[in-house]
Number of protein chains: 2
Amino acid sequence: MLKERTTKQKMLILSTVCASKAHPTAEQVYDMLKNEMPGLSLGTVYRNLNRMAELGQIRRLSVTNSPDRFDGDLRPHHHICCSACGDFSDYFNVSDESAIDAQISIQTGFEIQRHETVFYGICPKCRACKQ
Amino acid sequence: MLKERTTKQKMLILSTVCASKAHPTAEQVYDMLKNEMPGLSLGTVYRNLNRMAELGQIRRLSVTNSPDRFDGDLRPHHHICCSACGDFSDYFNVSDESAIDAQISIQTGFEIQRHETVFYGICPKCRACKQ
DNA sequence: TCCTTATTGATAAATTTTACTATTAGCAAT
DNA sequence: ATTGCTAATAGTAAAATTTATCAATAAGGA
């Protein structure tokens with residue numbers, strides 16, 4: 001009767017994403033794990049990250065000029081990306097995000113599942129480097 | 001002394017994106033133009049859309065499960081994407097978006113240039129199709 | 001332990017985007 | 001108009017990212 005099986009690969013991938021604060025790409029997750037599990041396949045990483053995002057276990061982030069990133073932190077928060085160096089940070093201090101979803105649902109008829117916000121700018125370090 | 005040249009290709013690409021409310025991908029812009037300008041190259045479309053986005057003439061939208069989209073409407077607004085059919089709509093009713101950028105800039109030291117928000121959900125039409 | 005089948009590893013292929021280069025064409029100066 | 005400089009283009013190849021395919025493996029219920 002059980003459909004979803006627990007595998008060593010799934011457990012490692014999920015724990016890696018949840019332990020990281022770097023919002024890794026699929027390839028970065030793969031790189032972090034291939035020492036610990038030499039036979040691991042990149043396709044397995046992609047397949048599982050996608051499924052976990054669909055199941056709501058992790059968040060999938062689509063970012064300009066970057067492969068998709070994954071975030072194991074499910075608390076409501078935003079992200080800030082430096083256009084110069086690619087630094088990708090969290091921004092908390094978020095107030096009442098679910099209210100926005102509810103408001104938009106009422107106004108548009110969409111059943112809103114989630115939303116993602118990315119701020120783009122220049123990080124303090126790159127600002128210091130002038131130009 | 002002039003660097004940026006005005007070409008027929010640039011004018012057509014920009015006017016196409018600005019005239020469309022469909023948030024077209026690069027390939028869709030190319031398809032819309034290849035009748036009018038048979039020799040047009042897809043690479044030219046990509047190159048110019050990227051440059052125009054960098055110059056702030058248009059917005060570049062990174063969306064999960066979709067190639068990047070482009071938006072000629074520079075007024076502050078959000079976007080809603082249907083996870084089922086891919087429908088991609090505008091959402092206006094946005095209050096005080098620049099204040100958020102300013103607040104985050106103060107708190108993080110980033111020089112915020114812009115932000116993009118995409119809401120994901122199920123559109124009214126797909127909700128009606130049950131399941 | 002056996003059986004069913006979800007999952008994996010390996011690879012190929014699809015998709016999306018960028019890079020390269022000879023040629024074309026915008027435009028400033030003649 | 002004509003010339004000269006070079007940004008921009010068309011055409012193509014290639015890079016980068018992601019998904020599909022499939023035989024072999026292994027999870028877990030009977």
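These figures come from a predicted structure and were not determined experimentally. Protein chains get the first letters and strands the later ones, always in sequence-line order, with residue 1 at the start of each.
Proximity of the aromatic rings of A:Y91 and A:H77 is defined here by a centroid distance below 6.0 angstrom, and this criterion is not met.
One interatomic measurement links the two molecules: NZ of B:K34 to P of D:dT9, which rounds to 19 Å at whole-angstrom precision. Atom CG of A:N65 is separated from atom C1' of C:dA19 by 15 Å (rounded to the nearest Å). Atoms NZ (A:K3) and P (C:dT4) sit 19 Å apart, rounded to a whole Å. With rounding to whole Å, A:D68 atom CG is found 13 Å from C:dT16 atom P. Between the CG atom of B:L55 and the P atom of D:dA8 there is a distance of 10 Å, given to the nearest Å. Regarding B:M37, its CE atom lies at a distance of 15 Å from the P atom of C:dT24, rounded to whole Å. The CD-P distance, from A:E4 to D:dA26, rounds to 19 Å in whole Å. In this structure, A:R60 places its CZ atom 10 Å from C1' of D:dT17, rounding to the nearest Å.
When only modelled atom types and interatomic distance are considered, B:S62 and A:S62 share no side-chain donor-acceptor pair under 3.5 Å. No side-chain donor from either of A:H78 and A:N93 sits under 3.5 Å from a side-chain acceptor of the other. Inspection of the A:E111 and A:S105 side chains reveals no N or O donor paired with an N or O acceptor under 3.5 Å. In this structure, a donor-acceptor pair under 3.5 Å is absent between the side chains of B:H23 and B:D73.
In this structure, SG on A:C82 lies 5.0 Å from CD1 on A:I122, to the nearest 0.5 angstrom.
Remark: side-chain polar atoms of A:R59 are not paired, donor with acceptor, to backbone N or O of A:E116 under 3.5 angstrom. Checking side-chain atoms of A:Y120 against main-chain N and O of A:T64 turns up a donor-acceptor pair under 3.5 Å.
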Problem - Step-by-step side chain to side chain donor-acceptor pair (under 3.5 Å) determination, B:H115 to B:E97 - result: CA-CA 9 Å; B:H115 68 259; B:E97 287 292 306; 2.5 Å; yes
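Taking a 4.0 Å limit (strictly below) on heavy-atom distances, residues 6-28 of chain A reaches DNA chain C at A:T7, A:Q9, A:K10. For the segment residues 39-53 of chain B, residues with any heavy atom less than 4.0 angstrom from an atom of DNA chain C are, sorted by number, B:Y46, B:N50.
For the strand DNA chain D, secondary-structure stems (runs of at least three Watson-Crick or G-U pairs, all distances below 3.5 Å) span C:1-30 with D:1-30.
Partner of A:L49 under the side chain to side chain contact (heavy atoms under 4.5 Å, CB included) criterion, out of A:I58, A:D68, A:T44: A:I58 alone.
Note on B:R51 versus B:E4: salt bridge recorded, some NZ/NE/NH1/NH2 to OD/OE distance being below 4.0 Å.
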